[in-house]
Chemist: 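One structure follows; several queries about it will come next.
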Amino acid sequence: MSQDKSAISPRREEDFPEWYQQVVRAADMAENSEVRGCMVIKPWGYGLWENIQKQLDVKFKETGHVNAYFPLLIPLSYLEKEAEHAEGFATECAVVTHHRLEAQKQPDGTTKMIPTGELAEPFVIRPTSETIIGAAFARWVESYRDLPLLINQWANVMRWEMRPRLFLRTAEFLWQEGHTAHETAEEAMSETKLMHKVYADFLRDHLAIPVIPGEKTENERFPGAVSTFTVEAMVQDRKAIQAGTSHFLGQNFAKASGIQFLGRDNQRQHAWTTSWGVSTRLIGTMIMAHADDDGMIMPPRMAPTQIVILPVTPKPDTRQEVIDACEALATTLRTQTYAGEPLRVHVDKRDLQGGTKNWEWIKKGVPLRVEMGPRDITSRSVAVSRRDAGVKGKEIVGKEDFLRNVTELLHEVQSTLLARATALRDEHTKKLETMEEFVAFFTPKNADKPEAHGGFALMHWAGSNDDEDQIAKDYKVTIRCIPLGDEYAEEGTCFMTGKPSARRVVFAKSY
RNA sequence: CGGGGCGUAGCUCAGCCUGGUAGAGCGCUUGCUUUGGGAGCAAGAAGUCGUGAGUUCGAAUCUCGCCGCCCCGACCA
């Protein structure tokens with residue numbers, strides 16, 4: 001066994017998609033289920049989702065939203081109310097057509113269940129809930145005094161995707177969908193932008209992932225939206241991933257669902273609505289952004305367990321003493337807080353070999369590993385390993401020093417991950433001017449076995465929707481967003497049409 | 001829906017071309033040894049070989065149908 005063998009095979013540069021799947025498996029976060037396209041989210045993966053929920057929910061509440069829950073099943077006719085929306089989701093809907101089964105005994109003794117009781121109107125398993133929430137809003141809103149309506153729901157949705165991938169694109173996924181209704185267009189737009197910013201901040205400060213906030217082009221817009229805002233992240237194969245979206249829906253859905261109110265001017269009018277969401281895709285994004293060739297690396301703020309304590313028990317007669325000392329250390333640690341939450345500490349008391357346990361936690365990506373054995377008890381020290389540093393790295397520190405610095409250590413790991421992800425993104429973000437440069441940037445050197453290549457190309461753009469489609473078709477590169485920042489505003493010439501352009505857009509290959 | 005691949009032990013797969021009724025590694029259980037480390041030795045548990053039919057004395061192996069999954073596209077969070 002060579003010394004520099006990595007825990008995950010293949011490595012990132014050898015085969016990124018396969019590496020990704022191996023990390024998910026090695027970290028024990030999820031597995032494919034017997035149901036096509038649907039995954040089983042295992043505790044270590046679900047723990048991440050719970051932290052996403054907990055921490056985002058605080059932000060939603062802080063910005064005035066409340067949670068509610070709406071049905072899984074949507075009457076088919078509801079989806080027909082908004083034409084663009086209906087068309088957008090038509091090809092990926094699971095449809096419920098029956099409401100009972102009849103048990104039929106077969107000659108061979110087995111039982112077959114035959115669907116009966118056909119529904120007069122089929123239901124669609126929600127691919128998103130604009131229509132059914134819109135119907136509720138229509139009932140709830142009568143006066144401008146009922147507005148704004150600021151609702152969020154944590155739910156599962158189903159989209160019958162052609163090619164599922166764990167966390168990144170599954171047929172069923174977990175998400176939150178915010179739905180709001182407002183008196184004016186301006187108010188709805190500022191809500192859209194507020195939540196867009198909440199997502200960008202959350203990704204950066206909690207997931208340690210920098211994003212480029214921007215607006216989608218018409219081609220990439222949510223079906224039925226007037227404008228769609230996105231946060232785009234770059235992961236380690238330099239592709240873009242849409243990590244969250246916030247939509248300004250204008251009055252489209254209000255008109256489709258009949259959300260009307262009597263205004264201050266005593267005129268009956270349609271409300272202005274928004275919707276916004278992030279999903280379990282965030283977990284896939286975190287993996288692709290932070291994991292390395294030894295497995296997952298959890299950002300401390302999100303890690304289900306931030307510190308794992310590994311008792312080193314070489315002699316049976318000192319075993320209990322060591323375990324007691326580890327438990328005591330854990331208890332002391334749990335009285336401390338990081339980012340406003342008590343430290344999440346686990347003592348791994350399983351009767352396994354130390355090396356086995358150590359590697360398991362490396363692969364799971366727990367931010368800090370702490371080893372304590374008989375000698376450490378005597379010398380009042382602990383051996384601390386940071387997951388963001390080399391796997392072999394281990395620092396012997398005094399226990400008191402460790403207790404004093406532990407939150408700072410977690411903070412450092414968190415910062416390191418953000419700094420790394422930011423450096424990767426910046427290194428592979430290029431301002432390009434010509435079609436030649438553009439094509440070269442996105443063309444792998446080895447066409448048979450493409451290496452990681454490209455990144456974010458900041459281009460001047462003044463093309464049409466068709467031009468955009470053409471680029472997508474020819475190079476598999478799309479406009480990820482029209483970024484909001486001032487640094488992207490500058491006069492230039494569109495690299496495709498030669499027309500003048502006032503702003504650069506972000507082109508990239510994407511998930 | 002197109003193109004490729006695959007369904008054999010919990011997992012990864014060999015065996016199939018050249019039919020004779022099941023194997024490896026990892027994992028699991030037990031014992032011994034080892035122990036600041038993903039260890040070693042030994043024993044053991046575990047599979048109606050995706051499914052249905054056909055050919056045959058005999059099918060994991062050959063033929064046909066069906067089902068499912070994975071990968072690469074088109075579609076998408």
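Since this is a predicted model, take the numbers as computed values, not measurements. Residue numbers start from 1 in every chain, and the chains themselves are labelled A, B, ... in the order their sequence lines are given, proteins ahead of strands. Just so it is clear, the values below take in all heavy atoms, side chains as well, and ignore hydrogens, waters and symmetry mates.
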Chemist: Measure all distances between protein nitrogen or oxygen atoms and nitrogen or oxygen atoms of nucleotides 68-71 of chain B, and list the pairs falling under 3.5 Å.
Modeler:
{"from": "B:C69", "atom 1": "OP1", "to": "A:R36", "atom 2": "N", "distance (Å)": "3.4"}

Chemist: I want to know whether A:Y46 and A:W44 have ring centres closer than 6.0 Å.
Modeler: no
Chemist: Of the options B:A39, B:C75, B:G36, whose atoms approach the side-chain atoms of A:T356 most closely?
Modeler: B:A39
Chemist: Using the ring-ring contact (aromatic ring centres under 6.0 Å, His included) criterion, which residues pair with A:F456? Sequence neighbours excluded.
Modeler: none
Chemist: If the P atom of B:G65 is compared with that of B:A22, how far apart are they to the nearest Å?
Modeler: 29 Å
Chemist: State plainly whether the residues A:R387 and A:D292 are in salt-bridge range, i.e. N to O under 4.0 Å.
Modeler: yes
Chemist: Which value, in whole Å, describes the distance between the C1' atoms of nucleotides B:C26 and B:G73?
Modeler: 35 Å
Chemist: Over how many whole Å does the gap from A:K239 atom NZ to B:C76 atom P extend?
Modeler: 16 Å
Chemist: The side chain of A:A7 lies closest to which of these nucleotides: B:G36, B:G38, B:C76?
Modeler: B:G38
Chemist: How far, in whole Å, is B:G50 from B:C11 if one measures between their P atoms?
Modeler: 14 Å
Chemist: Quickly work out the A:N219 CG to B:C75 C1' distance and round it to whole Å.
Modeler: 14 Å
Chemist: Which value, in whole Å, describes the distance between the C1' atoms of nucleotides B:G7 and B:G47?
Modeler: 14 Å
Chemist: For A:K445, I'd like to know if atom NZ has over 12 heavy atoms of other residues, nucleotides or ligands within 6.0 Å.
Modeler: no
Chemist: Measure centre to centre between the rings of A:W49 and A:W154, then say whether the value is under 6.0 Å.
Modeler: yes
Chemist: Nearest to the A:K476 side chain among B:G73, B:C75, B:G36, which nucleotide is it?
Modeler: B:G73
Chemist: Rounding to an integer number of Å, can you tell me how far A:K357 NZ sits from B:G27 P?
Modeler: 17 Å
Chemist: Mapping A:V312 and A:T280 onto RNA chain B by nearest heavy atom, which one lands closer to the 5' end?
Modeler: A:V312
Chemist: Between B:C16 and B:U21, how many Å separate the two C1' atoms, rounded to a whole number?
Modeler: 14 Å
Chemist: Without hydrogens or angle criteria, can the side chains of A:E130 and A:T128 be said to hold a donor-acceptor pair below 3.5 Å?
Modeler: yes
Chemist: According to ring-ring contact (aromatic ring centres under 6.0 Å, His included), who are the partners of A:F253, at least two apart in sequence or on a separate chain?
Modeler: A:H85
Chemist: Give me the distance, rounded to whole Å, that separates B:G19 from B:A60 when you measure between the P atoms they each carry.
Modeler: 14 Å
Chemist: Can you see which heavy atom on A:R126 is nearest to which on A:P71, and at what distance?
Modeler: NH1-O, 3.1 Å
Chemist: In terms of side-chain geometry, is the basic nitrogen of A:R350 or A:D348 positioned less than 4.0 Å from the acidic oxygen of its partner?
Modeler: yes
Chemist: Output yes when A:E395 and A:R386 qualify as a salt bridge under the 4.0 Å nitrogen-oxygen rule, no when they do not.
Modeler: no
Chemist: Between P on B:C76 and CZ on A:F222, what's the gap in Å once rounded to a whole number?
Modeler: 12 Å
Chemist: By the 4.0 Å heavy-atom rule, please label A:T170 as base, sugar-phosphate, or nothing.
Modeler: base
Chemist: So which protein nitrogen or oxygen atoms get under 3.5 Å of nucleotides 31-35 of chain B's nitrogens or oxygens?
Modeler:
none

Chemist: Using the P atoms only, state how far B:G23 lies from B:G36, rounded to an integer number of Å.
Modeler: 40 Å
Chemist: Identify, with sequence neighbours excluded, every residue that meets ring-ring contact (aromatic ring centres under 6.0 Å, His included) alongside A:F507.
Modeler: A:F438, A:W461, A:F495
Chemist: Give me the distance, rounded to whole Å, that separates B:A74 from B:G3 when you measure between the C1' atoms they each carry.
Modeler: 12 Å
Chemist: Per the side-chain contact (heavy atoms from CB on, under 4.5 Å) rule, which among A:T245, A:T230, A:T228 passes with A:R221?
Modeler: A:T228
Chemist: Between A:I241 and A:K363, which residue's closest nucleotide on RNA chain B lies nearer the 5′ terminus?
Modeler: A:K363
Chemist: Please produce a list of atom pairs where a protein N or O lies less than 3.5 Å from an N or O of nucleotides 1-11 of chain B.
Modeler:
{"from": "B:C11", "atom 1": "O2'", "to": "A:R25", "atom 2": "NH1", "distance (Å)": "3.2"}

